[in-house]
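Quick one: the structure is below, and I'll ask about it shortly.
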Amino acid sequence: MNVVLAWLVAIFLITMGPVLTIYLIWKVIGFRGYMSLFQFVGGDSFLYRMDPRVKILMAIIITTVSAFTIWWISAIFLIAMLSLYAFTVNPSSKYRIVLPLTIATFLGTAWTEALFTNPSLLTELFGLDEFIVPFPVQFQIIGAYGLSAQGFFYGLQIAFRAAAAIASGFLLVFTSSPADILRSLEKSKVPVELGFALVVAVIAIPKILESAMTILDAMRVRGFDFGPANSRDPRVLFNKFFQQVKAVLMATASIIIWTLKSAQNIAVSADLRGFRANKYRTYYHELAFGQIDWLSVAVLMGIFALGVYLSGAGYGPLAYNP
């Protein structure tokens with residue numbers, strides 16, 4: 001009985017982290033939040049006037065410096081990145097998306113590290129590794145060692161680095177149009193085919209979500225109930241579950257068909273506009289560095305140099321044990 005209980009506890013702890021993370025994102029953000037995540041709305045602040053290449057450089061430097069410095073420097077970066085969202089259009093809507101994603105990053109990373117970090121690594125970093133709930137040997141063979149307090153704190157410190165990088169990346173998406181991102185990638189010597197594919201992927205995400213909402217709403221109008229079954233009868237529960245799985249599969253097939261048709265329309269539109277007809281493309285609006293861009297690059301280079309100095313001065317990626 002103790003062996004069965006240990007297995008059930010291990011399975012519950014392993015699955016609880018991802019389930020809570022997905023539930024948090026789904027409950028707080030939802031379909032409409034993801035749709036607004038990839039929909040660009042222009043603004044007048046300095047963030048919108050900044051060249052997308054500078055914002056790409058900012059994301060690279062923030063990610064790099066966070067990787068080789070101590071965790072509280074990443075925390076400073078995270079606070080700074082979140083503060084910049086106050087200069088976007090309708091910042092409250094941006095915070096309703098970015099903050100849950102940040103919390104989900106902390107929850108998912110900390111919980112994963114608390115269960116899957118090698119005890120020898122935690123002992124080397126913290127000098128002590130205590131399991132709150134040790135897992136059976138069979139789980140330890142596949143890398144799930146148990147619930148560890150040191151692993152949880154280690155995961156939180158990693159989460160600061162990941163969250164700072166995510167916040168800086170979303171700042172680029174919120175304040176740069178897909179066309180400007182495509183032009184900036186081409187000017188950075190990225191093949192135009194690759195840049196075009198990335199931009200089309202970003203544009204397609206909200207359209208796919210919108211089509212999913214339309215299909216699900218149409219199914220509800222036709223009387224399908226996605227809610228739980230109001231019965232404890234196993235046969236009723238199984239029948240309800242089977243109907244919901246069938247509905248999801250049918251909706252998925254419809255979404256795939258719509259996506260393929262949309263991709264075909266985009267390909268035809270690109271051909272009509274002479275995509276790849278010439279080796280070099282010209283644009284009606286050419287990107288050029290302004291005063292704010294050069295100033296931002298200077299600040300970013302200073303941050304990178306300071307990060308290298310702090311890393312060499314003893315503020316490298318050290319683990320802190322509270």
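Predicted, not measured: the structure shown is a model, and the values here were computed from it. The basis for the numbers below is simple: all heavy atoms, side chains too, and nothing from hydrogens, waters or symmetry mates. Along the sequence shown, residues carry numbers from 1.
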Value for CG (Leu300) from CD1 (Ile303), rounded to nearest 0.5 Å, stands at 5.5 Å
Within a strict 4.5 Å, meaning less than it, do heavy atoms of the Leu147 and Trp111 side chains meet?
yes
For the side chain of Ser176 and the backbone of Val173, is there at least one donor-acceptor N/O pair under 3.5 Å apart?
no
So, do Val65 and Phe304 sit near enough that their side-chain heavy atoms are less than 4.5 Å apart?
yes
List the atom of Ile14, the atom of Phe135, and the distance in Å for their closest heavy-atom pair.
CG1-CE1, 3.9 Å
Co-membership, hydrophobic cluster, residues Ile256 and Leu249, 4.5 Å side-chain
no
Non-hydrogen atoms of Val54 and Phe289 that approach each other most closely:
CG2-CZ, 3.7 Å
Same cluster or not: are Leu115 and Leu5 linked, directly or through other Ile, Leu, Val, Met, Phe, Trp or Tyr residues, by side-chain heavy atoms under 4.5 angstrom apart?
yes
Are any side-chain N or O atoms of Lys55 and backbone N or O atoms of Thr175, one a donor and one an acceptor, separated by less than 3.5 Å?
yes
So how far is it from Ser148 OG to Phe153 CZ, rounded to the nearest 0.5 Å?
9.5 Å
Tell me, do Met301 and Ile61 make a side-chain contact under 4.5 Å, heavy atoms counted?
yes
Value for OG1 (Thr102) from CZ (Phe160), rounded to nearest 0.5 Å, stands at 10.5 Å
Which atom of Ala165 lies closest to which atom of Ile62, heavy atoms considered
N-CG2, 4.5 Å
Between CG on residue Leu8 and CG on residue Leu13, distance to nearest 0.5 Å
11.0 Å
Looking at Arg161 and Thr69, would you say the former's side chain and the latter's main chain have a donor-acceptor pair under 3.5 Å?
yes
Approximate separation, where rounding is to 0.5 Å, of Tyr145 OH and Thr117 OG1:
9.0 Å
Min side-chain heavy-atom separation Trp71-Ile158 under 4.5 Å
no
Without placing hydrogens or testing angles, list every side-chain donor-acceptor pair under 3.5 Å for residues 75-89, not counting sequence neighbours.
from  : atom 1 : to     : atom 2 : distance (Å)
Ser83 : OG     : Ile79  : O      : 2.7
Tyr85 : OH     : Ala167 : O      : 2.5
Tyr85 : OH     : Leu171 : N      : 3.2
Thr88 : OG1    : Tyr85  : O      : 2.6

Short side-chain to backbone donor-acceptor contact, Ser93 and Asn90, under 3.5 Å:
yes
A quick test of your reading: do over 12 heavy atoms of other residues, nucleotides or ligands sit less than 6.0 Å from CZ of Phe106?
yes
Surrounding CZ of Phe46 (heavy atoms of other residues, nucleotides or ligands, distance under 6.0 Å), is the total greater than 12?
yes
Taking all non-hydrogen atoms of both residues into account, name the closest pair between Ala110 and Leu156 and its distance.
CB-CD2, 3.7 Å
I need the Leu172 CG to Arg53 CZ distance, nearest 0.5 Å.
12.5 Å
I'd like to check Phe170 versus Ile97 (side-chain heavy atoms, cut-off strictly below 4.5 Å). Are they in contact?
no
Is the CG atom of Asp44 crowded by more than 12 outside heavy atoms at less than 6.0 Å?
no
Show me the pairs that pass side-chain hydrogen bond (donor to acceptor under 3.5 Å, both in side chains) and involve residues 293-312, at least two apart or across chains.
none
Taking all atoms of both residues into account, what is the closest heavy-atom pair of Ser74 and Ala164, and its distance?
O-CB, 3.8 Å
